[in-house]
Amino acid sequence: MSQITEERTDGLFHALADRTRRDILRRVLSEGQSISALAANYNMSFAAVQKHVAVLERSGLLIKQRRGREQYARGDVEAVRSVASLLNEFEQVWRDRIDRIDELLKDG
């Protein structure tokens, strides 16, 4: 997997920072849905759901496609994997630090 830019990383985490966007992503990862079907799941305006979808689309986590008059959204599994990869990198840094502390305690 290629390295992703800091700007892209910021966009991914910004998109995932909101619980509604995380829920939308869960829904469209399991199967693509029309934006109007997605909007029916939330107690907010259609325009508000569209804005959440746009944030997810800009981050690359979601792909929109037009089918006739309807727009459909589907999750991008590769983008989600890139987020998981970043989190794994952070976890490895943390584990390395713990290992160094353990070594220092053994030697001390």
Side-chain angles (χ1 to χ4, degrees):
M1 173 184 292
S2 64
Q3 293 289 342
I4 61 174
T5 66
E6 290 297 316
E7 185 176 298
R8 172 97 194 275
T9 301
D10 290 346
L12 290 167
F13 283 104
H14 169 72
L16 293 170
D18 182 88
R19 79 174 56 166
T20 300
R21 289 193 290 267
R22 290 190 305 271
D23 189 64
I24 289 170
L25 184 60
R26 281 185 200 100
R27 291 173 188 275
V28 299
L29 278 170
S30 61
E31 68 177 288
Q33 293 188 25
S34 70
I35 307 301
S36 56
L38 278 172
N41 294 297
Y42 303 100
N43 188 21
M44 64 181 71
S45 69
F46 181 78
V49 172
Q50 282 182 308
K51 287 180 183 182
H52 284 298
V53 167
V55 170
L56 289 164
E57 183 180 29
R58 279 193 304 274
S59 74
L61 290 165
L62 178 146
I63 299 166
K64 275 193 329 190
Q65 297 172 322
R66 182 169 288 286
R67 294 184 195 159
R69 294 180 52 192
E70 193 74 55
Q71 287 200 342
Y72 283 80
R74 66 178 172 82
D76 186 334
V77 176
E78 283 304 313
V80 173
R81 285 187 181 133
S82 69
V83 172
S85 176
L86 283 167
L87 293 174
N88 287 335
E89 286 177 33
F90 293 141
E91 180 183 8
Q92 190 57 50
V93 169
W94 177 79
R95 288 183 183 279
D96 290 346
R97 285 185 174 190
I98 296 297
D99 289 346
R100 284 196 303 269
I101 291 170
D102 286 345
E103 287 300 315
L104 287 171
L105 291 173
K106 273 199 290 188
D107 294 341

Test side-chain hydrogen bond (donor to acceptor under 3.5 Å, both in side chains) applied to S36 - qualifying residues, sequence neighbours left out: S34, E70
Residues Y72, V28; criterion side chain to side chain contact (heavy atoms under 4.5 Å, CB included); working and verdict: CA-CA 9 Å; Y72 283 80; V28 299; over 6 Å; no
Contacts of type side-chain contact (heavy atoms from CB on, under 4.5 Å), residue S30, not counting sequence neighbours: none
Nearest heavy atoms of T20 and D18, plus distance in Å: N-OD2, 2.9 Å
Contacts of I98 that satisfy side-chain contact (heavy atoms from CB on, under 4.5 Å) - sequence neighbours left out: W94, D102
Heavy-atom closest pair, residues G75 and L25: CA-CD1, 4.3 Å
I63 reachable from V80 in the ILVMFWY side-chain graph, under 4.5 Å edges: no
For residues 49-59, please give each side-chain donor-acceptor pair under 3.5 Å, one per line with the distance, not counting sequence neighbours.
{"unit_1": "H52", "atom_1": "ND1", "unit_2": "R21", "atom_2": "NH1", "d": "3.3"}
{"unit_1": "S59", "atom_1": "OG", "unit_2": "L56", "atom_2": "O", "d": "2.8"}
{"unit_1": "S59", "atom_1": "OG", "unit_2": "L61", "atom_2": "N", "d": "3.3"}

E78 side chain reached by S82 side chain, heavy atoms, under 4.5 Å: no
Qualifying salt bridge (charged side-chain N to carboxylate O under 4.0 Å, His left out) pairs with a residue from residues 36-50, counting only residues at least two apart or across chains: none
Pairing residues for E7 by the side-chain contact (heavy atoms from CB on, under 4.5 Å) criterion, not counting sequence neighbours: T5
Residues in side-chain hydrogen bond (donor to acceptor under 3.5 Å, both in side chains) contact with E31, at least two apart in sequence or another chain: none
Partners passing side-chain hydrogen bond (donor to acceptor under 3.5 Å, both in side chains) against R22 (at least two apart in sequence or in another chain): none
By side-chain hydrogen bond (donor to acceptor under 3.5 Å, both in side chains) - contacts of D10 (at least two apart): none
More than 12 heavy atoms from other groups under 6.0 Å of CZ on R66: yes
Residues R27 and D23 bridged, charged N to O under 4.0 Å: yes
